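Worksheet: one structure, shown below.
Worth knowing before you read on, the calculation uses all heavy atoms, side chains too, and leaves out hydrogens, waters and symmetry mates. On a predicted model such as this, the values are computed, not experimentally measured, just so you know. First the proteins, then the strands, lettered A, B, ... as listed; each starts at 1.
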2 protein chains.
Amino acid sequence: MRHNAAMLELAILGFLHDAPQHGYELRKRIAALTGHVKPVAESTLYPAIKRLEKAGLLARRTQPGAGAAPRHVLTLTAEGHAELRRRLAHPADTDITDENRWFTLLAFLRHLDDPLAQAELLERRMAFLRRPSSFFYEGDRPLRAEEVEDPFRRGILTIARATSQAELSWLRRTLDTLRAATDD
Amino acid sequence: MRHNAAMLELAILGFLHDAPQHGYELRKRIAALTGHVKPVAESTLYPAIKRLEKAGLLARRTQPGAGAAPRHVLTLTAEGHAELRRRLAHPADTDITDENRWFTLLAFLRHLDDPLAQAELLERRMAFLRRPSSFFYEGDRPLRAEEVEDPFRRGILTIARATSQAELSWLRRTLDTLRAATDD
DNA sequence: CGGCAATACATCGTTCTCGATGTATCACGT
DNA sequence: ACGTGATACATCGAGAACGATGTATTGCCG
């Protein structure tokens, strides 16, 4: 499984769980989710849809196109639903650490109906964020923003720290809510 | 030029501008910069080095390995320096919008000695961050965190907003400094 | 009425990615 | 003496990414 492929496929499965829709529609949603950063080429999306169809995860039925060419409306199969849940419940480490993939996971995490499983993922992310790490090292020691003279590199570290803190505080709040929901 | 390839090559050129070094060393630096998120496979890095060597952007000289196998110490050629400056001065839009690529640019922006050219890039990024955009849309209207009920999707928007604000404030501060430096 | 943009999908070929595997050396523990 | 792990690089093959290009329809503007 190629790296972006996994993310793209998760997004396809997730959006189709939201609602059956055709490729062009999917493309726009994916462009918003992961692609206001880096657009998905059509020649990447359509083969991905075919892969998933061939794997029996989704089915297509052709509709006369509203306003244009005929549409292939895509629907998740039962296996598709199962596979989505599997991918949400047991993500690879990269899905936790890579921000793009993590956001993709988050976007569909509600489809994993179990609050405990959801909390488990948030805790994995929290553990990752708490591990001391940097973009720059001196030997093995991670450099903090204050130790870097280059203003641009310092900017990277400053921004990353702000993000990290915002996310940690969100994680704590959300974990509290999830735990409260589990308790009653 | 494949997408990741551009980023990887920029990182190689940039780190070699910092100091001549061998592939294994590069790999660790790149892993820290872009890869505490997603590690670079050796079978991706070494071919990339070869591409750049073949293009005349870097030269290698073999050294008896300290502690292990012989090293190929890599050095930027004159064309390598020129190419690095070219890539820093005229990045594609994706380099501005994709956070990973933007951070890679930032990491080496100091090598673009001209403060005006540096400021120009920061302004492009600022313009991108100020454009209203979201991860989720209702029709054409970007949804704000408050309008999303799903706590996980709301988290995405909350975190993204915090990041965006931290970065904008850093951008403003840094642009002021750059302009002050230009004025005298 | 002509052209252009948007909708909607498809194919092709080049280039890149990456896991698997291999080779070789040194350090360190046991 | 032996295995393990780190250092350091290389090759191969399957598969994925993407730009270019094509096809077809509808709607709108001038």
Side-chain angles (χ1 to χ4, degrees), chain A residues 1-12 15 20-31 34-35 37-55 58 60-74 92-94 98 100-101 139-140, chain B residues 1-12 20-31 34-35 37-55 58 60-74 92-95 98 100-101 139-140:
Chain A
M1 177 79 62
R2 212 43 88 273
H3 258 82
N4 292 336
M7 194 166 84
L8 178 57
E9 292 179 6
L10 181 64
I12 293 171
F15 279 126
Q21 58 200 285
H22 53 97
Y24 204 77
E25 178 91 32
L26 270 176
R27 189 176 177 249
K28 283 191 289 185
R29 287 191 209 268
I30 294 171
T34 64
V37 133
K38 170 166 151 349
V40 193
E42 300 197 343
S43 48
T44 305
L45 175 62
Y46 289 115
I49 290 174
K50 276 190 188 159
R51 281 201 301 277
L52 295 174
E53 193 189 5
K54 215 165 113 184
L58 53 87
R60 73 171 74 196
R61 59 199 146 84
T62 304
Q63 262 188 359
R71 292 167 167 178
H72 301 288
V73 176
L74 308 168
D93 279 343
T94 342
D98 181 341
N100 290 307
R101 301 186 71 175
D140 275 344
Chain B
M1 174 80 60
R2 211 41 88 276
H3 258 81
N4 292 336
M7 194 165 82
L8 178 57
E9 293 180 5
L10 181 63
I12 294 171
Q21 56 200 286
H22 53 97
Y24 204 77
E25 178 92 31
L26 269 178
R27 187 175 177 251
K28 284 191 288 185
R29 286 191 209 269
I30 292 171
T34 65
V37 133
K38 169 166 155 345
V40 193
E42 299 197 344
S43 46
T44 304
L45 175 62
Y46 289 115
I49 290 173
K50 276 191 186 158
R51 279 201 301 278
L52 295 173
E53 193 189 7
K54 216 164 112 184
L58 53 86
R60 73 171 73 198
R61 57 200 148 82
T62 304
Q63 262 187 358
R71 293 167 165 180
H72 300 288
V73 177
L74 308 167
D93 278 344
T94 341
D95 296 322
D98 181 341
N100 289 308
R101 302 186 70 178
D140 275 345

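Taking CG of A/L10 as the start and CG of A/L52 as the end, the distance is 10.5 Å to the nearest 0.5 Å.
For the pair B/H22 NE2 and D/dT7 C1', the interatomic distance rounds to 9 Å; values are reported in whole Å. We find that CD1 of A/I49 is positioned 15 Å from P of D/dC18, with the value rounded to whole Å. Rounded to whole angstrom, the span from the NE2 atom of A/H72 across to the C1' atom of D/dT25 amounts to 14 Å. Note: CD (A/E9) to P (D/dA16) measures 7 Å, nearest angstrom. As a whole-Å value, the separation of B/R29 CZ from D/dT7 P is 14 Å. Rounded to whole Å, atom P of D/dA16 lies 12 Å from atom CD1 of A/I12. When rounded to the nearest whole Å, the span between CZ of B/R60 and P of D/dA8 equals 15 Å. A straight line from CG of A/L45 to C1' of D/dC18 spans 12 Å, rounded to a whole angstrom.
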Exercise for the section: Assess whether side chain to side chain contact (heavy atoms under 4.5 Å, CB included) is satisfied between B/L45 and B/I12, documenting all intermediate values. Expected result: CA-CA 9 Å; B/L45 175 62; B/I12 294 171; 3.8 Å; yes

Exercise for the section: Start with the C-alpha gap between B/T94 and B/R101, add the side-chain angles, then the distance that decides, and say whether side chain to side chain contact (heavy atoms under 4.5 Å, CB included) holds. Expected result: CA-CA 8 Å; B/T94 341; B/R101 302 186 70 178; 3.7 Å; yes

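Panel note: side chain B/T34, backbone B/I30; a donor-acceptor pair is recorded below 3.5 Å. Listed for the B/D95 side chain is a donor-acceptor partner under 3.5 Å among the backbone atoms of B/A92.
At a threshold of 4.0 angstrom between heavy atoms, the contacts of B/R27 with the nucleic acid are absent.
Residues satisfying the side-chain contact (heavy atoms from CB on, under 4.5 Å) test with A/R51, not counting sequence neighbours, are A/A5, A/E9, A/A48. By the ring pair (Phe, Tyr, Trp, His ring centres under 6.0 Å) test, A/F15 pairs with A/F108, sequence neighbours left out. Shown here are the salt bridge (Lys or Arg N to Asp or Glu O under 4.0 Å) partners of A/R61, two or more places apart in sequence or in another chain: there are none. For B/E25, the side chain to side chain donor-acceptor pair (under 3.5 Å) partners at least two apart in sequence or on another chain are B/R29.
Checking the phosphate oxygens (OP1, OP2) of C/dT7, a side-chain nitrogen or oxygen of A/Y24 falls inside 4.0 Å. For A/Y46, a side-chain nitrogen or oxygen approaches OP1 or OP2 of C/dC9 to under 4.0 Å. Within the structure, a side-chain polar atom (N or O) of B/K50 is placed less than 4.0 Å from OP1 or OP2 of D/dT11.
Helix-axis bend for the helix from C/dC1-D/dG30 to C/dT30-D/dA1: the local axis fitted to the five terminal pairs at one end deviates from that at the other end by 30°, rounded to 10°.
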Between the protein and nucleotides 19-21 of chain D, which nitrogen or oxygen pairs are less than 3.5 angstrom apart?
unit_1	atom_1	unit_2	atom_2	d
D/dG19	N7	A/S43	OG	2.8
D/dG19	O6	A/S43	OG	2.9

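Positionally, the nearest nucleotide of DNA chain D for B/E25 lies more toward the 5' end than for the other of B/E25 and A/V40.
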